Chemist: 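This is the structure, below, for whatever I ask next.
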Amino acid sequence: MITLIGKKIGMTSIFVDKYFFIPVTIVKIDNNIITCIKKYKNKYSTQLTTGVGNKKNINKCLLGIYKKLNINPGIGLWEVPYFKKIHLYIGQILNINLFKNTKKVDVIGYSKGKGFSGTIKRWNFSSQDSTHGNSLSHRVPGSIGQNQSPGKVFKGKKMAGHLGNDRITKKNLKIIKIYKNKNILLIKGCIPGNINSNIIIKSSIF
């Protein structure tokens with residue numbers, strides 16, 4: 001399973017013929033560098049970094065890792081599964097060419113955060129009557145109570161709260177085109193995350 005770190009640039013559309021077009025997401029995949037290969041019992045994982053980070057915002061522990069490898073500090077560290085088909089070593093540079101024979105990918109990212117939201121926006125509840133005597137209760141969730149038994153609100157009750165900023169995986173997304181000279185990958189459809197957010201791209205197993 002090939003796994004690389006990329007950046008979501010935005011969305012556009014590509015015309016397949018005169019009347020038919022496909023919406024695509026533009027993903028930029030700069031060089032990924034292996035900073036560590038870890039072993040957990042019988043399994044291996046690799047630690048990747050990418051981009052150019054600001055030394056001011058990186059603690060000394062992480063700076064020591066980059067200094068040991070004699071590379072510029074990256075924008076972060078990601079631990080991904082080890083792919084056995086390719087011989088890997090610490091300090092190796094991985095690029096977009098790994099996806100040249102891949103048709104579909106899985107994309108992992110964090111959805112847009114929308115802060116504290118009510119039940120109508122968060123859970124698609126219906127609002128109450130706008131008129132007919134309803135006063136100041138148009139968008140409230142309604143009763144959440146129980147009887148004396150059990151006398152509590154069960155965990156998982158659909159109520160107002162934090163919406164978005166969740167880790168989301170979209171599977172089996174088709175690769176439309178690869179621009180090797182620009183490190184650009186075009187993926188069919190939309191993927192989670194804001195523009196310029198970091199995402200994990202791995203080859204689909206199906």
Side-chain angles (χ1 to χ4, degrees), residues 1 3-13 21-30 40 45 47-51 53-54 56-59 61-62 74-81 104-176 185-206:
M1 185 186 298
T3 308
L4 293 177
I5 311 302
K7 181 183 284 188
K8 179 180 177 180
I9 303 298
M11 289 194 69
T12 184
S13 56
F21 68 90
I22 299 174
V24 295
T25 302
I26 305 169
V27 177
K28 186 171 185 181
I29 303 177
D30 291 321
Y40 299 101
S45 68
Q47 191 181 70
L48 300 176
T49 187
T50 184
N54 191 345
K56 270 196 323 183
N57 302 328
I58 302 173
N59 60 37
C61 297
L62 297 180
I75 56 176
L77 292 172
W78 288 266
E79 193 168 324
V80 300
K104 291 186 177 182
V105 291
D106 298 342
V107 177
I108 303 172
Y110 283 85
S111 60
K112 293 181 180 180
K114 299 179 181 179
F116 189 94
S117 297
T119 52
I120 293 176
K121 185 174 181 179
R122 192 183 186 201
W123 300 111
N124 199 28
F125 279 18
S126 297
S127 59
Q128 296 186 24
D129 287 343
S130 299
T131 56
H132 296 286
N134 192 354
S135 178
L136 303 178
S137 297
H138 304 93
R139 294 178 68 89
V140 298
S143 174
I144 62 166
Q146 308 288 337
N147 292 328
Q148 186 172 357
S149 175
K152 64 177 181 180
V153 178
F154 291 109
K155 287 184 179 180
K157 179 72 175 174
K158 291 182 178 179
M159 300 175 70
H162 187 263
L163 177 62
N165 197 29
D166 292 322
R167 182 183 165 104
I168 293 176
T169 302
K170 293 202 73 173
K171 296 184 177 181
N172 296 330
L173 299 177
K174 189 177 180 181
I175 293 178
I176 301 299
L185 188 69
L186 298 185
I187 299 174
K188 184 178 180 180
C190 60
I191 61 176
N194 292 302
I195 293 175
N196 292 327
S197 62
N198 298 308
I199 54 174
I200 300 172
I201 306 157
K202 57 183 181 180
S203 56
S204 181
I205 59 175
F206 298 107

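Worth knowing before you read on, the calculation uses all heavy atoms, side chains too, and leaves out hydrogens, waters and symmetry mates. All residue numbers refer to positions in the sequence shown, counting from 1. A quick note: this is a predicted structure, and the numbers were derived from the prediction, not measured.
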Chemist: How many angstroms lie between atom CG of L185 and atom CD1 of I9, to the nearest 0.5 angstrom?
Modeler: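 The distance works out to 11.5 Å.
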Chemist: Report the distance from atom OG1 of T119 to atom CG of L163, rounding to the nearest 0.5 Å.
Modeler: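 Rounded to the nearest 0.5 Å, the OG1-CG separation comes out at 11.5 Å.
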Chemist: Applying the side-chain contact (heavy atoms from CB on, under 4.5 Å) criterion to I199, which one of I108, I29, I187, V27 satisfies it?
Modeler: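 Going through the options one by one, the only one that passes is V27.
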Chemist: Shortest non-hydrogen contact from S45 to E79?
Modeler: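 Shortest heavy-atom contact: OG-OE2, 2.9 Å.
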Chemist: Would one find more than 12 heavy atoms of other residues, nucleotides or ligands at under 6.0 Å from atom OH of Y110?
Modeler: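 No.
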Chemist: Using 0.5 Å steps for rounding, measure from the CD1 atom of I191 to the CG atom of L173.
Modeler: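 If we round to the nearest 0.5 Å, I191:CD1 and L173:CG are 8.0 Å apart.
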Chemist: Checking side chain to side chain contact (heavy atoms under 4.5 Å, CB included) for the pair I144/K157: CA distance, chi angles, key distance, verdict?
Modeler: CA-CA 8 Å; I144 62 166; K157 179 72 175 174; 4.2 Å; yes
Chemist: Take atom CG in N54; do more than 12 heavy atoms of anything else shown fall under 6.0 Å from it?
Modeler: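 Yes, because the 6.0 Å sphere around CG of N54 holds more than 12 heavy atoms from other groups.
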Chemist: How long is the gap from CD1 on I120 to NE2 on H138, to the nearest 0.5 Å?
Modeler: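 NE2 of H138 is found 10.5 Å from CD1 of I120.
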Chemist: side-chain hydrogen bond (donor to acceptor under 3.5 Å, both in side chains), that's the test. Do N172 and S204 meet it? Break it down for me.
Modeler: CA-CA 6 Å; N172 296 330; S204 181; 2.4 Å; yes
Chemist: Between Q128 and S137, is the side-chain hydrogen bond (donor to acceptor under 3.5 Å, both in side chains) condition met? List the steps.
Modeler: CA-CA 7 Å; Q128 296 186 24; S137 297; 5.1 Å; no
Chemist: For R122 and M159, which heavy atoms make the closest approach, and how far apart are they?
Modeler: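 What the structure gives for the nearest pair is NH1-O, 2.8 Å.
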Chemist: What's the shortest heavy-atom distance between P23 and M11, and which atoms?
Modeler: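 P23 and M11 have their closest heavy atoms at CB-CE, 4.4 Å.
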Chemist: Measure across S143 and G145 and return the closest heavy-atom pair with its distance rounded to 0.1 Å.
Modeler: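 Between these two residues, the closest heavy atoms are OG-N, 3.5 Å.
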Chemist: Nearest 0.5 angstrom please: T3 OG1 to I201 CD1, how far?
Modeler: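 Atom-to-atom, T3:OG1 and I201:CD1 are 10.0 Å apart.
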Chemist: Consider side-chain contact (heavy atoms from CB on, under 4.5 Å). Of K188, K170, K8, which one does T25 pass it with?
Modeler: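 Only one of K188, K170, K8 forms a side-chain contact (heavy atoms from CB on, under 4.5 Å) with T25, namely K8.
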Chemist: Rounded to the nearest 0.5 Å, how far does CD1 of I195 lie from CD1 of I26?
Modeler: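 It comes to 9.5 Å.
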Chemist: Any heavy-atom pair between the side chains of V107 and I200 that's under 4.5 Å?
Modeler: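 Result no, sub-4.5 Å side-chain heavy-atom pair not found.
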Chemist: Can you check whether V153 reaches Q146 side chain to side chain, under 4.5 Å on heavy atoms?
Modeler: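 Sidechains of Q146 and V153: no contact.
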Chemist: Verify, without hydrogens or angle tests, whether S111 (side chain) and G164 (backbone) share a donor-acceptor contact under 3.5 angstrom.
Modeler: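 Side chain of S111 to backbone of G164, a donor-acceptor pair under 3.5 Å: no, none is there.
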Chemist: Among T50, D30, T49, which residue meets the side-chain contact (heavy atoms from CB on, under 4.5 Å) test with I5?
Modeler: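 Result for side-chain contact (heavy atoms from CB on, under 4.5 Å) with I5: T50.
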Chemist: Tell me the closest heavy-atom pair linking G118 and A160, and the distance in Å.
Modeler: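 Distance-wise, the nearest heavy atoms are CA-CB, 3.9 Å.
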